[in-house]
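Just so you know, residue 1 is the first one in the sequence shown, and it goes up from there. It should be emphasised that the depicted structure is a prediction, and the values quoted were computed from it without experimental measurement.
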Amino acid sequence: MEVLWAGREPLTAADVCETVCEDRGWTLPTVKTLLSRLVTKRAVEAKPDGRRYLYSPLIERDDYVGGESRRLVERLFGGRPASLFAHLAEQEALSANDLVEIEALLKELKQ
């Protein structure tokens, strides 16, 4: 999805593969399968273009991230975002910079 969101125009499966296959150890058939599943889920649109398809995202990145974030908090932390932050802090997964950014965001949200 990141590849499609970054593109300014529709991409072919080969275009997507050029970007991700080497790093992930995927093949073109793997990318085509993934894109097909995303089309089925209505996250991606596939338009015929001769013998190939052009793929475009149907959902915005912010909408997707927001939904997934809510599901994560609900599923793993009983719907309590504070529990997520507490877990991250306990596991030392938050750097000093992360804490400064979170504090600034909280101050901004309170205003």
Side-chain angles (χ1 to χ4, degrees):
M1 286 301 298
E2 292 292 342
V3 174
L4 295 176
W5 284 320
R8 293 191 179 121
E9 49 192 63
L11 300 173
T12 65
D15 295 333
V16 174
C17 190
E18 282 179 24
T19 304
V20 301
C21 285
E22 187 174 332
D23 290 342
R24 296 180 187 221
W26 291 358
T27 62
L28 182 58
T30 302
V31 170
K32 287 182 177 182
T33 298
L34 178 60
L35 288 169
S36 175
R37 289 178 181 169
L38 290 169
V39 168
T40 300
K41 292 179 178 185
R42 294 189 175 104
V44 170
E45 173 183 51
K47 289 186 178 180
D49 182 49
R51 294 179 49 188
R52 63 185 187 169
Y53 286 92
L54 297 175
Y55 298 92
S56 302
L58 288 175
I59 58 175
E60 296 292 326
R61 186 180 191 287
D62 287 345
D63 293 337
Y64 175 77
V65 170
E68 286 300 305
S69 299
R70 283 187 298 279
R71 282 188 283 280
L72 171 76
V73 169
E74 185 63 39
R75 189 174 63 248
L76 297 179
F77 299 98
R80 299 189 61 230
S83 296
L84 168 62
F85 286 106
H87 174 76
L88 291 172
E90 289 169 4
Q91 298 299 314
E92 299 178 13
L94 297 174
S95 68
N97 286 340
D98 291 332
L99 294 172
V100 168
E101 288 180 28
I102 291 168
E103 288 172 354
L105 177 61
L106 291 172
K107 285 180 185 176
E108 184 179 312
L109 291 172
K110 286 181 181 181
Q111 294 177 355

> Does Leu76 belong to the same Ile/Leu/Val/Met/Phe/Trp/Tyr cluster as Phe85, with side-chain heavy atoms less than 4.5 Å apart forming each link?
Replying inline: yes
> With respect to Val16, which candidate in Val20, Thr12, Thr19 satisfies the side-chain contact (heavy atoms from CB on, under 4.5 Å) definition?
Replying inline: Val20
> Say you draw a straight line from NZ of Lys110 to CD of Glu108; how long is it, rounded to the nearest 0.5 Å?
Replying inline: 13.0 Å
> Atom OG in Ser69, atom CG in Asp62: separation rounded to 0.5 Å?
Replying inline: 10.0 Å
> Roughly how far, to the nearest 0.5 Å, is CG of Leu58 from CD of Glu45?
Replying inline: 5.0 Å
>> Looking at Asp49, I'd like to know if its CG atom is crowded, meaning that more than 12 non-hydrogen atoms belonging to other residues, nucleotides or ligands lie closer than 6.0 Å.
In response: yes
>> Ignoring hydrogens, what is the shortest heavy-atom contact between Val31 and Cys21? Give both atom names and the distance.
In response: CG2-SG, 3.5 Å
>> Let me check something: do Trp26 and Val3 share a hydrophobic cluster, defined by ILVMFWY side-chain heavy atoms less than 4.5 Å apart, either directly or through other members?
In response: yes
> Nearest 0.5 Å, what's the CD-OG distance between Glu90 and Ser83?
Replying inline: 9.5 Å
>> Strictly below 4.0 Å, N to O, side chains only: are Glu68 and Arg71 in salt-bridge contact?
In response: yes
>> Would a single hydrophobic cluster contain both Leu94 and Leu72, if residues Ile, Leu, Val, Met, Phe, Trp and Tyr are joined by side-chain heavy-atom contacts under 4.5 Å?
In response: yes
> What's the shortest heavy-atom distance between Tyr55 and Ala46, and which atoms?
Replying inline: CE2-CB, 3.6 Å
>> So does Lys32 get a backbone contact from the side chain of Ser36, meaning a donor-acceptor N/O pair under 3.5 Å?
In response: no
> Is Trp5 reachable from Tyr53 through a run of hydrophobic residues whose side-chain heavy atoms are each under 4.5 Å from the next?
Replying inline: yes
>> Check this for me: Glu2, atom CD, are more than 12 non-hydrogen atoms of other residues, nucleotides or ligands nearer than 6.0 Å?
In response: yes
> Taking atom types as modelled, is there a side-chain donor on Thr27 or Thr30 under 3.5 Å from an acceptor on the other?
Replying inline: yes
> Which distance, rounded to the nearest 0.5 Å, do you find between the CG of Leu109 and the CD of Gln111?
Replying inline: 9.5 Å
> If you look at every heavy atom in Ile59 and Met1, which pair is closest and at what distance?
Replying inline: CG1-CE, 4.2 Å
>> When you group the ILVMFWY residues by side-chain heavy-atom contacts below 4.5 Å and let the links chain together, are Leu106 and Phe77 in the same group?
In response: yes
